[in-house]
Amino acid sequence: MSTTRKLYIKTYGCQMNVYDSERMGEAMEGQGYEATDNPEDADLILLNTCHIREKAAEKVYSELGRFRALKAERPDLKIGVAGCVAQAEGEEIMRRQPLVDLVVGPQSYHRLPELEAAARQGKRALDTDFPEEDKFEHLNARPKAKRGPTAFLTVQEGCDKFCAFCVVPYTRGAEVSRPADRVLREARDLVERGVREITLLGQNVNAYHGAAADGDWSLARLVRELAEIDGLDRIRYTTSHPNDMSDDLIAAHGEIEKLMPYLHLPVQSGSDRILKRMNRSHTAESYLRLIERMREARPDILISGDFIVGFPEETDQDFEDTLRLVEEVEYGQCYSFKYSTRPGTPAAERALVDPAVADERLQRLQALLRRQQTAVQDRMVGQEVGVLFEKPGREDGQLVGKSDHLHSVFVDAPGHQIGDLVRVRITASAPNSLAGTLI
Ligand code: 5AD
Ligand code: SF4
């Protein structure tokens with residue numbers, strides 16, 4: 001007799017974790033599990049964790065503490081930690097938190113069913129090994145369930161760049177690209193299940209070089225081939241590194257209509273001195289030239305980025321250089337973080353900037369980025385954009401979707417439904433969203 005068990009997954013961190021959580025859910029479907037949004041109903045709770053900054057990692061321990069009462073009530077509830085904290089601190093988690101039944105790293109989750117089975121037999125199971133081959137090769141599940149109109153598709157994983165502040169090369173491992181035919185197959189499968197927009201994911205997605213019958217494909221080649229799929233209307237990709245922005249990828253932005261006018265291209269700092277200390281191997285000037293070329297290829301492209309302030313030894317002058325670079329780029333969207341020491345990274349050995357100074361710099365940077373984001377958004381008013389409806393709006397007959405430039409747009413659209421791709425004239429700009437009318 002088979003009974004359905006319930007799986008609750010909580011996802012932290014980046015979009016790649018969102019994708020991994022979906023795949024873990026599918027892997028456990030094969031074991032008779034179905035998803036639940038409520039941890040109180042769950043037979044298995046998985047935290048898919050993020051290790052990028054200290055705060056992200058701390059959250060895991062406080063969240064685990066919250067499940068203590070639940071586990072006391074229902075001893076057969078199993079609790080697992082997955083993702084990058086599992087990779088970096090798996091054994092410590094097992095020691096510190098007797099509640100945890102299983103630990104699975106981001107490169108091992110295809111073995112989740114076996115780990116779960118061991119946990120059911122009362123063992124505590126840990127697997128943070130890196131597989132010999134691409135873990136995705138082990139994930140043969142091809143679920144048939146209908147999907148919403150947008151999906152993530154991981155095409156590349158890991159990083160060989162070793163920025164001095166970053167844990168990714170250690171938690172996710174070396175750069176691996178998925179073979180092109182597998183990516184195409186998964187994309188076609190998603191489209192058959194209702195997906196119209198795919199965001200290709202990778203820690204260094206523009207370094208993609210997936211094996212194919214006619215030699216390795218670049219990201220630009222992959223995008224061109226994906227654009228041939230009928231029913232797939234929009235393609236995005238993230239995250240990119242300035243050094244891997246090849247000529248063919250830049251050209252693709254001017255040539256492929258389905259490739260959306262949005263580029264997330266982190267630079268981290270505007271000071272060459274700091275960029276060097278970060279081991280970034282590009283300069284502020286080379287980044288600015290790259291942005292210029294992107295805008296020549298696709299004049300309406302919206303540029304997004306990431307910044308770290310308070311990196312060890314950052315001076316007032318270094319920070320002013322960052323502000324100047326931001327002024328020059330004019331970002332439509334940006335993420336900025338205070339430097340967080342990550343054990344095991346080269347920068348962890350270096351002298352910290354006074355935290356009060358770092359806080360003040362972060363506030364100044366964020367105020368500037370907010371002004372830019374508002375200005376870019378305000379300029380959309382009066383323009384015509386595509387919008388793919390993703391969910392209902394606040395009012396009757398209203399739908400919300402993302403514009404080509406990834407702005408959230410509220411539209412009165414009676415008679416339309418989620419999954420429709422429509423042309424919209426933008427009529428108003430509010431904090432973090434736009435309003436528009438159907439054309
Ligand atoms: N401290 C602060 N921010 C960091 N990031 C990566 N590592 C750190 C760190 N140690 C930021 C970078 C990166 C983004 C995903 O997270 O800006 O682009
Ligand atoms: Fe981390 Fe740098 Fe690699 Fe990005 S490029 S994942 S910041 S090491």
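We count ligands from 1, going down the list as the structure has it; atoms in each ligand are counted the same way. Residue numbers run from 1 in the order of the sequence given.
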Subject >> Heavy atom of the protein closest to atom 2 (Fe) of ligand 2 (residue, atom name, distance) >> reply: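 Among all protein heavy atoms, the one nearest atom 2 (Fe) of ligand 2 is Cys163 SG, 2.3 Å.
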Subject >> Within-cutoff protein neighbour (heavy atom, under 4.0 Å) for atom 4 (Fe) of ligand 2 >> reply: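 So atom 4 (Fe) of ligand 2 lacks protein heavy-atom neighbours under 4.0 Å.
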Original post:
Can you tell which of Cys166, Ser240, Ser281 gets a heavy atom nearest to atom 1 (Fe) of ligand 2?
Top reply: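 That would be Cys166.
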Should [X] and [Y] count as side-chain neighbours, where that means a heavy-atom distance under 4.5 Å?
| X | Y | result |
| --- | --- | --- |
| Leu406 | Met260 | no |
| Phe311 | Ser269 | no |
| Glu91 | Arg96 | no |

Original post:
Do Asp129 and Ser108 get their side chains close enough for a donor-acceptor pair, meaning under 3.5 Å?
Top reply: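 No donor-acceptor contact under 3.5 Å links the two side chains.
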**OP:** Among Arg273, Arg364, Arg361, find the one that has a salt bridge (charged side-chain N to carboxylate O under 4.0 Å, His left out) with Glu320.
**Re:**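 When Arg273, Arg364, Arg361 are each tested with Glu320, the salt bridge (charged side-chain N to carboxylate O under 4.0 Å, His left out) holds only for Arg364.
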As an exercise, identify every atom of ligand 2 less than 4.0 angstrom from a heavy atom of [X].
| X | value |
| --- | --- |
| Phe162 | 8 (S) |
| Phe165 | 7 (S) |
| Pro169 | 8 (S) |

Just list the N/O pairs, ligand 1 to protein, that are under 3.5 Å apart, with the distance for each.
from, atom 1, to, atom 2, distance (Å)
ligand 1, 1 (N), Ser340, N, 3.0
ligand 1, 10 (N), Phe165, O, 3.0
ligand 1, 10 (N), Ser340, O, 2.8
ligand 1, 16 (O), Arg53, NH1, 2.9
ligand 1, 17 (O), Gln268, OE1, 2.6
ligand 1, 18 (O), Gln268, NE2, 2.9
ligand 1, 18 (O), Asp306, OD2, 2.6

**OP:** Check the angle between the aromatic planes of Phe337 and Tyr335 and answer parallel, tilted or perpendicular using the 30° and 60° thresholds.
**Re:**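 Phe337 and Tyr335: parallel rings.
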Subject >> Within the 6.0 Å centroid threshold, strictly below: Phe307 and Tyr331 >> reply: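 Aromatic pair counts; centres sit under 6.0 Å.
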Original post:
Within His241, is some N, O or S atom less than 2.8 Å away from atom 3 (Fe) of ligand 2?
Top reply: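 Not a single backbone or side-chain N, O or S atom of His241 is under 2.8 Å from atom 3 (Fe) of ligand 2.
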Original post:
In this structure, which one of Arg350, Met278, Arg277, Glu349 forms a side-chain contact (heavy atoms from CB on, under 4.5 Å) with Pro312?
Top reply: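 Passing option: Arg350.
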**OP:** Kindly confirm or rule out a cation-pi arrangement of Arg111 over Tyr109, judged by NZ or CZ under 6.0 Å from the six-membered ring centre and within 45° of its axis?
**Re:**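 Because its charged atom misses either the 6.0 Å distance or the 45° angle limit, Arg111 does not stack over Tyr109.
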